[in-house]
Number of protein chains: 2
Amino acid sequence: MDFRALRSFVVLANQLHFGRAANLLHLSQPALSKQIRKLEDEIGAPLFHRDTAGTSLSAAGAVLAKDAEDLLARCGEAFLRAQRAGRGEVGTLDIGFGIATYELVPRVIARFRSRYPEIHVSLRDMPTAEQVLALRAGRLDIGFIRLPAPDDFAVRPVATERLILALPPAAKDVRTMADLHGLPLVVMSRERTHYIFDQVIALCAAFHVTPYIAQEVAEFPTALALVASGVGASLVPRSARRDDLPIVYREIDHPAADWSVGAVWRPVEGECVVANFLACLGEKLGAQRSHPSSSDDIPPSPTGSAHDEFGR
Amino acid sequence: MDFRALRSFVVLANQLHFGRAANLLHLSQPALSKQIRKLEDEIGAPLFHRDTAGTSLSAAGAVLAKDAEDLLARCGEAFLRAQRAGRGEVGTLDIGFGIATYELVPRVIARFRSRYPEIHVSLRDMPTAEQVLALRAGRLDIGFIRLPAPDDFAVRPVATERLILALPPAAKDVRTMADLHGLPLVVMSRERTHYIFDQVIALCAAFHVTPYIAQEVAEFPTALALVASGVGASLVPRSARRDDLPIVYREIDHPAADWSVGAVWRPVEGECVVANFLACLGEKLGAQRSHPSSSDDIPPSPTGSAHDEFGR
DNA sequence: CACGATAATAACCAAAAGTTATCAAGACGT
DNA sequence: ACGTCTTGATAACTTTTGGTTATTATCGTG
């Protein structure tokens, strides 16, 4: 059943006049006659009674007319929805995020939702590794993971932190990571924030320090309190620093101390939903909105900007 | 938006493989590629991600796929409904009937409804003249009217009655209508059954008899009771005759005494609903099923058959 | 009875959709 | 690392379809 014929049929059913209907449809009367006749052949029954005194709907025509109008409306609707989906205005967006983005992501999503109310956003809390898998499998559109990202992803760095050394006053002669060797260490529990734990371990390894774990804690303030009470040293993000405690801080001048989170996505052509979300993200970060909607180059990293976007 | 392209799209969305989908659609792979590309151009966004590793739906494609399947189903449904309407299996049937068919018509309609449950039958009680107008205006499909019908209608005679003279014993020397002159007459009230009244008047006129109306009644048995008690003569359908009363009956050998009802309809090409109804009617009458579904000749009149189908 | 209106038909033309053959790019197995 | 295979795109060509104009048949109507 041809679509154009259906549209012609509806117009004719309203006009009940081949000439007028043909005009409205911007085609000639014989063309319309042919279309209708073809439709009638397909259906196997006349849709109109042709009478020189006037054209009128047949029983079959009357039945079809009722359905056809609705059908055309639905079709147009579907078409528009598809177009809007192409512009990233309707559809779904699956976002993965982890503990480090509990503050940032919901805020961006709130903005995104108000701007694109017809996008169904689904948030999935999962660790970095799982996000990478889900992204590759297409189960996620965007992930927020610890950087660096595997290089088959496009990246938008979102927040950068740097670990600093927190020392009890008694250990104020420790100046660098290397001096940490043998000192007891307060670390974040691997349970909840294993990537922080992992990074601490990796950082120690980078300095050939064998960490001696004195205590595991769940929150940075707790760790600092323990440091202040002399339990041991700790490594915390700079934003967690508290100066009201008797603690000595040391910068760590090593890339392994950098701790950044970025939005990553598969660099696929023409998926506007992702681009739209990244635009919201960019605005939220107050940074330049460099997001390649249809190119797979990695946007310039705004390193050094956007501190303190997370931290507890 | 082309319909065939939509169907192709749905198949491809299920298969996610141009070659296989093309096979299922019985066309070549380039043709399918072209169709999809055209659809994408119309919509303005890619519907699939083409990757040598495999084809997958884009965001827009996923949205459209959801709608398209439903759309196609509805379309097929509408198509089938139209076909069935063409065969007179769905739709509406507007029937007009009057007092004389109160017994027959509902029985036929019951049969018709059980056979064509998806035809919405609407019954309209209206007198002959009004039925004729409604039929011409297309507001009725079938009417049951007193015959003869105007000759732009097709007719199926349904019941024939003949008026007979009912005389009180005291008037048994009356032998023909002509002898009725001056005799008091018991007639049916014009209110309820004006066509019977009218026919009695017409019958009298045919014999140049000026009727002298002694009494109007509502039912034939009442009329006969009055006749038996000597109030006057009466004209009743033969089927109303009662032999347990002291009444003398006389046949009237004149066409004006004939009183028949027929189903009439506009002889329009290819309206199966009407034909189907007439088939039911024919079966109910137990007569030959001569009903011209697509010709406008009047079916052979089964005169003399089908007595007693109405009468009160 | 000629005229006007309406839809069907015919002849023709252009656009489309289909076909086969071929190409380019990755995945894959050796 | 290199042919091979798979997959989809492209090109050239053909067929089909849909559209146009011109004409005809058939009614109502002045």
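Note: hydrogens, waters and symmetry copies are ignored here, and every other heavy atom, side chains too, is used. Each chain gets a letter, A, B and so on, in the order the sequences are listed, and its residues count up from 1.
With distances taken from any side-chain atom of B:Pro30 to the nucleotides D:dA11, D:dG18, C:dA16, the minimum falls on D:dA11. Listed nucleotides: C:dA7, D:dT20, C:dT20. Nearest to the side chain of A:Thr55: C:dA7. Here the side chain of A:Asp2 is nearest to one of D:dG18, D:dG8, C:dT6, namely D:dG18.
Centroid-to-centroid, the aromatic rings of A:Phe9 and A:Phe48 come within less than 6.0 Å.
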Legend entry - Trace of the salt bridge (charged side-chain N to carboxylate O under 4.0 Å, His left out) decision for B:Arg84 with B:Glu77: CA-CA 10 Å; B:Arg84 300 183 54 208; B:Glu77 220 173 279; over 6 Å; no

Legend entry - A:Asp2 vs A:Lys38, salt bridge (charged side-chain N to carboxylate O under 4.0 Å, His left out): CA-CA, chis, key distance, verdict: CA-CA 9 Å; A:Asp2 188 11; A:Lys38 186 157 167 266; 5.0 Å; no

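Residue B:Ser33 is classed as a sugar-phosphate contact, given heavy-atom separations below 4.0 Å to backbone atoms only. Nucleic acid contact class of A:Lys34 (heavy atoms, under 4.0 Å, all strands): base. In this structure, B:Gln29 reaches the bases: a heavy-atom distance under 4.0 Å links it to at least one base atom across the strands shown.
Under 4.0 angstrom from either OP1 or OP2 of D:dT7 there lies no side-chain N or O belonging to B:Arg50. At C:dG18, none of the side-chain N or O atoms of B:Ser28 fall inside 4.0 Å of OP1 or OP2 (strictly under the cut-off). Of the side-chain N and O atoms in A:His17, one or more sit less than 4.0 angstrom from OP1 or OP2 of C:dA7. Within the structure, a side-chain polar atom (N or O) of A:Arg4 is placed less than 4.0 Å from OP1 or OP2 of D:dG19. The side chain of B:Lys38 places no N or O atom within less than 4.0 Å of a non-bridging phosphate oxygen (OP1 or OP2) of C:dA16. The phosphate of D:dT10 (OP1 or OP2) has a side-chain N or O of B:Arg37 nearer than 4.0 angstrom.
Spacing between atom CZ of B:Arg20 and atom P of D:dG8 amounts to 8 Å, rounded to whole angstrom units. At whole-Å resolution of the value, CD in A:Glu40 and P in C:dA7 are 13 Å apart.
In this structure, the side chain of A:Arg266 engages the main chain of A:Leu135 through a donor-acceptor pair within 3.5 Å.
Judged as a salt bridge (Lys or Arg N to Asp or Glu O under 4.0 Å), and not counting sequence neighbours, the contacts of A:Asp258 are A:Arg162.
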